[in-house]
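Report on the structure given below.
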2 protein chains.
Amino acid sequence: MVDEIEVFRRFIRRRGMRYTPERETIILEIFSRHDHFDVDELYLRLHRQGVRVSKASIYRTLPLLIEAGLITEVFFEDGHMHYEHTFGHEQHCHLRCTECRRVIEFFDASLEKLEDRLVRDYDFQISGYSLEVFGLCPQCREQRRAATE
Amino acid sequence: MVDEIEVFRRFIRRRGMRYTPERETIILEIFSRHDHFDVDELYLRLHRQGVRVSKASIYRTLPLLIEAGLITEVFFEDGHMHYEHTFGHEQHCHLRCTECRRVIEFFDASLEKLEDRLVRDYDFQISGYSLEVFGLCPQCREQRRAATE
DNA sequence: GTATCTGCAAACCCTTTGCAATAAG
DNA sequence: CTTATTGCAAAGGGTTTGCAGATAC
């Protein structure tokens with residue numbers, strides 16, 4: 001955790017920006033858990049702890065964390081953006097139940113080979129990817145089956 | 001193209017809803033091209049042809065087309081939703097330049113095997129997936145290199 | 001005829017931004 | 001001291017919705 005803080009501090013300083021308590025509070029809170037989060041959740045988590053950081057500051061800090069490579073946006077179909085930090089899991093593969101919205105995170109090595117093929121075929125310099133697989137989880141499939149009988 | 005219209009008409013009637021000229025106009029316009037689109041583009045394309053369909057109707061029709069399995073949402077990082085129709089390309093693999101936002105569509109058979117593994121490992125009934133690979137295209141990479149010299 | 005659909009404009013909600021006060025370096 | 005950052009509240013911008021008139025069936 002200290003690592004990310006250090007990466008962020010250096011990133012901020014390198015750009016002649018200021019490393020403020022608000023920015024540190026935000027990154028500390030984000031890296032204190034391994035879950036996905038959205039702005040509201042983060043704001044509430046901070047407020048419950050008695051820390052007062054405005055949403056504006058959160059909205060202004062998240063793009064910095066993205067540019068620093070510490071977090072990434074994750075697209076959910078619920079109308080607002082979600083984020084996850086990249087520490088320890090640079091790849092982003094999600095298996096989503098379209099019914100209950102449960103998310104299972106998985107890893108598959110074949111994607112690294114695919115990445116190599118893309119570099120070769122299209123000459124892109126690849127920085128990351130996001131694979132979202134949609135479907136019905138066993139429970140929801142069963143419920144749906146029962147409902148249509 | 002007639003196929004999709006038929007699928008949609010049946011989908012609408014099966015639900016006791018009404019197959020209106022506006023709904024037909026929208027689906028006809030969507031399937032008249034193979035590009036991605038967003039609500040504004042679709043609205044303008046219709047208006048340029050002298051067809052007047054409100055954005056509200058477009059916004060109300062798109063979820064129906066999604067439910068009918070005829071189009072899917074595509075997440076772009078530009079603040080609003082994009083769509084593409086699923087006719088002929090059920091898989092959605094995009095290679096995106098993060099600089100110029102160019103999109104290359106590709107297909108890779110290894111993803112079908114990955115899908116099989118997911119079915120086996122997690123017992124999901126998979127309906128689709130979306131793979132977004134991010135990076136720099138050759139041109140933008142070259143420009144960036146030249147700029148930092 | 002009845003229930004759904006349309007267009008309009010207002011409401012919504014997430015996100016961004018202008019500004020004056022504050023604080024980092 | 002200088003310049004960036006903060007919090008607030010207002011503005012933005014895409015999307016949704018209430019409503020009255022129109023229309024599919």
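From a predicted model like this one, the values you see are computed outputs, not experimental measurements. Proteins get letters first, then strands, A, B, ... in listed order; numbering begins at 1 in each.
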Not counting sequence neighbours, which residues clear salt bridge (Lys or Arg N to Asp or Glu O under 4.0 Å) with [X]? List them please.
| X | result |
| --- | --- |
| R33(B) | none |
| R45(A) | E29(A) |
| R117(A) | D108(B) |
| K113(A) | none |

Using 30° and 60° as the class limits, which term best fits the ring planes of F75(A) and F75(B): parallel, tilted or perpendicular?
parallel
I need the full list of side chain to side chain donor-acceptor pair (under 3.5 Å) pairs touching residues 59-70 of chain B, with sequence neighbours left out, sorted by first then second residue.
R15(B)-E67(B)
By a strict heavy-atom criterion of less than 4.0 Å, which residues belonging to residues 42-64 of chain B are in contact with DNA chain C?
R52(B), V53(B), S54(B), A56(B), S57(B), R60(B)
Give, ordered by number, those residues of residues 9-24 of chain B having at least one heavy-atom distance below 4.0 Å to an atom of DNA chain C; if nothing qualifies, reply none.
M17(B), R18(B), T20(B), E22(B), R23(B)
Checking D116(A) now: which residues fulfil side chain to side chain donor-acceptor pair (under 3.5 Å) with it, not counting sequence neighbours?
none
Taken in chain and number order and not counting sequence neighbours, the residues that satisfy ring pair (Phe, Tyr, Trp, His ring centres under 6.0 Å) with Y43(B) are H47(B)
Stems in DNA chain D, runs of 3 or more consecutive Watson-Crick or G-U wobble pairs with both distances under 3.5 Å, sorted by first number, are C:1-25 with D:1-25
Residues forming a side chain to side chain contact (heavy atoms under 4.5 Å, CB included) with P138(B), sequence neighbours excluded:
D123(A), F124(A), R102(B), R141(B)
Report the hydrophobic cluster partners of V74(A), with the cluster defined as I, L, V, M, F, W, Y residues connected by side-chain heavy atoms closer than 4.5 angstrom, directly or transitively.
F76(A), V103(A)
To the nearest angstrom, the CG-P distance between D78(B) and dG12(D) comes to 20 Å
